[in-house]
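Here's the structure we're looking at; comments come further down.
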Amino acid sequence: MSDPAITSKPAPLIRPDKDTFLAEENPFEAMMERFDHAAKVLNLDPGLYKVLRNPEKQIIVSVPIVRDSGEVEVYIGYRVLYNTSRGPAKGGIRFDLNVTLEEVKALAAWMTWKCALVNIPFGGAKGGVVCDPAALSMAELERITRRYTSGIIDTLGPDSDVPAPDVNTNERVMAWIMDTYSMHKRHTVTAVVTGKPVEMGGSLGRREATGRGCMFVTREALTKLGMALKGARIAVQGFGNVGSVAADLMAKEGATIVAVSDKSAGLHNPKGFDVPDLIKWVRERRQLAGYPKAEAISHEQLLTVDCDVLIPAATENVITRKNAPQIKAKIICEGANGPTTAAADKVLEDKGVFVIPDILANAGGVTVSYFEWVQDRGGYFWDEETVNRRLESIMVRSFNEVAAATEKFKVNTRIASYIVAVDRVAAMHRLRGMYA
Ligand code: NAD
């Protein structure tokens, strides 16, 4: 613990004295703060510490395309392979104006720890293209996807780097990546991406996997606190893939969904929403706003509403040191990646809130992506019941491993999950030795 390599941190990426709020929100710093804590507890060898603090590979590519207008535009694309010691890199690709290399690095590191935590044989990666998909036609999006894929094609492959959907990308985009890669390889390679349409090698249960995983770990956490899913009052921020599926499955298990929100609105109904009716509303109107059977609340009120479980399933940095003191939930299940800042962690710990950290809570998605990759490589497909049963087994086992580490190391659940994950990655490095 007294090792200088562990205790001396490199200069912060954003100086806290200049802007503490921004420092709290820097995703790479937030990840590193938790990693450092775990490394100290594990008394990680200083050399290994240095290796694990740095991404293995960072690729920046220009993505030139001809727009529908005939004009040439050049976009910037990133792919970061954070660590591949345990297997092929695994991680989503996002299309968004806010994509930065710093964010992609943090998300790639998170993927490394997430895959290790649920003990699937993948490393961690992330990618993105800086663009506004809403301002692009379908044909332009396809050209961006194919050109970006060819730009990073040397790293891609079922044995080296396997992308998946992320913000603003979907199974359509995965199908284009699979096709582009396969055309270059001169044969069909379905296992190069996951989150594909089921008709082309996608897995049954993948669409619901992240929300279903949230349901399993929330059930385990409630049991640990002497409660049950049946009757638990749940608030969900974000009503997209993760949030709506989690709400739906939990309601089917007898939970009461008391509040939901999306970008357009926050809704409160202490008696409980009819979730299939909400899903139908959003399917038809693409937003929650205007839903009649509820009282409108603000985005901030949703986070602090009276409930047993809060599921942030929208975006990063929503639970901060400013609003954490007002949170009433006994359990926070982090469906989104990075919804809680490191500063807020401390507040929640002092309040005794049971946090199911993102790298555990939302790992259902990557777990079924792993099942998809296994099925593609084996050319043998499982029924949905088998997928869900195997997912449950991995989520419950991982929850119990984190709970055991929390008690063993006397740390909060987030640091415990980093300890389990970092220890697994470190063990692989020690066994493999240093190639030089
Ligand atoms: P999505 O685009 O389907 O849904 C996002 C939802 O959040 C939408 O309803 C949107 O309106 C809402 N939203 C955005 N900003 C908001 C705000 N400030 N306040 C309230 N609502 C807001 O995305 P998704 O696939 O459900 O992913 C949600 C989160 O879960 C992301 O952080 C993503 O990285 C993470 N995640 C997703 C998966 C997966 O399998 N989809 C897996 C792991 C992690």
Side-chain angles (χ1 to χ4, degrees), residues 25 27 90-96 98-99 103-104 106-108 110-111 113-115 117-118 124 126-128 133-134 163-171 173-174 194-196 202-203 205-215 217 235-248 259-267 278-279 281-283 285-289 291 296-305 310-320 323 333-340 356-372 391 395:
E25 290 187 348
K90 188 87 196 76
I93 288 171
R94 55 176 62 178
F95 288 173
D96 200 83
N98 296 320
V99 167
E103 182 190 56
V104 175
L107 293 163
W110 269 323
M111 284 304 296
W113 312 135
K114 193 184 297 184
C115 293
L117 180 61
V118 287
K126 208 78 181 188
D166 197 77
V167 176
N168 296 330
T169 57
N170 56 18
E171 57 179 38
V173 173
M174 294 306 111
T194 60
K196 298 179 293 294
S203 178
R206 173 63 187 87
R207 194 186 67 77
E208 300 84 3
T210 309
R212 190 178 296 278
C214 287
M215 191 261 286
V217 290
V236 184
Q237 183 199 43
F239 206 68
N241 174 278
V242 179
S244 67
V245 171
D248 190 36
V260 291
S261 72
D262 67 1
K263 262 188 192 162
S264 74
L267 303 174
L278 266 183
I279 291 175
W281 176 275
V282 171
R283 195 179 299 130
R285 297 170 179 79
R286 306 181 70 82
Q287 59 176 31
L288 284 170
Y291 186 76
I297 52 171
S298 69
H299 289 299
E300 207 50 36
Q301 282 171 322
L302 180 122
L303 296 169
T304 57
V305 79
L310 171 64
I311 306 180
T315 183
E316 289 152 32
N317 298 320
V318 292
I319 301 175
T320 65
N323 58 23
C333 173
E334 296 184 337
N337 284 314
T340 309
I356 311 172
D358 48 7
I359 60 171
L360 172 63
N362 68 38
V366 76
T367 301
V368 176
S369 275
Y370 161 56
F371 295 163
E372 180 174 334
L391 171 64
M395 295 305 293

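Numbering of ligands and ligand atoms starts at 1, following listing order. Side chains included, hydrogens not; waters and symmetry mates left out as well; all remaining heavy atoms used. The residues of the chain are indexed from 1 along the displayed sequence.
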Specify the closest pair of heavy atoms between [X] and [Y], including all atoms of both residues, with the distance to one decimal.
| X | Y | answer |
| --- | --- | --- |
| Ser203 | Val368 | OG-CG1, 3.9 Å |
| Val242 | Ala313 | CG1-CB, 4.0 Å |
| Lys263 | His299 | O-NE2, 3.4 Å |
| Ile279 | Ser244 | CD1-O, 4.0 Å |

Under 4.0 Å, heavy-atom basis, I'd like to know which part of [X] is in contact with ligand 1: side chain, backbone, both or neither.
| X | value |
| --- | --- |
| Gln237 | side chain |
| Arg286 | neither |
| Asn337 | both |
| Ala209 | neither |
| His299 | side chain |

With a cut-off of under 6.0 Å to the ring centre and 45° to the axis, is Arg283 in cation-pi contact with Trp281?
->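 No, Arg283 and Trp281 do not form such a contact.
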
Glu334 (side chain) donor-acceptor with Asp358 (main chain) under 3.5 angstrom |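 The answer is yes, because a donor-acceptor pair under 3.5 Å joins these two groups.
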
Got a donor-acceptor contact below 3.5 angstrom from the Asn241 side chain to the Arg207 backbone?
-> yes

Determine, for Glu103 against Arg94, whether the closest basic-nitrogen to carboxylate-oxygen distance falls under 4.0 angstrom.
-> yes

Looking only at protein heavy atoms, which one is nearest to [atom], and how far off is it?
| atom | result |
| --- | --- |
| atom 28 (C) of ligand 1 | Ala313 O, 3.4 Å |
| atom 4 (O) of ligand 1 | Gly240 CA, 3.2 Å |
| atom 10 (C) of ligand 1 | Lys263 N, 3.9 Å |
| atom 36 (N) of ligand 1 | Gly335 O, 3.9 Å |
| atom 42 (C) of ligand 1 | Thr210 OG1, 3.3 Å |

Please determine if Thr315 has a nitrogen or oxygen closer than 3.5 Å to a nitrogen or oxygen of ligand 1.
-> no

Check whether any N or O atom of Val167, backbone or side chain, sits under 3.5 Å from an N or O atom of ligand 1, and answer yes or no.
->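 By distance alone, the answer is no.
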
Out of [options], who is nearest to [atom] when you count heavy atoms only?
| atom | options | value |
| --- | --- | --- |
| atom 25 (O) of ligand 1 | Val318, Asn241, Ile359, Val368 | Asn241 |
| atom 44 (C) of ligand 1 | Asn362, Asp262, Leu303, Thr169 | Asn362 |
| atom 29 (C) of ligand 1 | Pro312, Ala363, Cys214, Ala314 | Ala314 |

Verify the distance criterion only: is there a donor paired with an acceptor across the side chains of Glu300 and Asn323 at less than 3.5 Å?
->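 A pair is found: one side chain offers a donor N or O, the other an acceptor, under 3.5 Å apart.
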
Pair Asn168-Asp96, side-chain donor/acceptor within less than 3.5 Å = yes

Check whether any heavy atom of Gln287 sits under 4.0 Å from an atom of ligand 1.
->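 The answer is no: ligand 1 sits nowhere under 4.0 Å from a heavy atom of Gln287.
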
Could I get the full list of ring-ring contact (aromatic ring centres under 6.0 Å, His included) partners for Phe371, not counting sequence neighbours?
-> Trp382

Take atom 15 (N) of ligand 1 and look for protein heavy atoms under 4.0 Å from it; say yes if you find one, no if not.
->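 True for atom 15 (N) of ligand 1.
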
So if I count the atoms of ligand 1 from 1 in the order they appear, which ones are less than 4.0 Å from some heavy atom of [X]?
| X | answer |
| --- | --- |
| Ser261 | 20 (C) |
| Phe239 | 6 (C), 9 (O) |
| Val242 | 24 (P), 26 (O), 27 (O), 30 (O), 37 (C), 38 (C), 39 (C), 41 (N) |

From Asn362 atom CG to Trp110 atom CH2, the distance as rounded to the nearest 0.5 Å | 10.0 Å

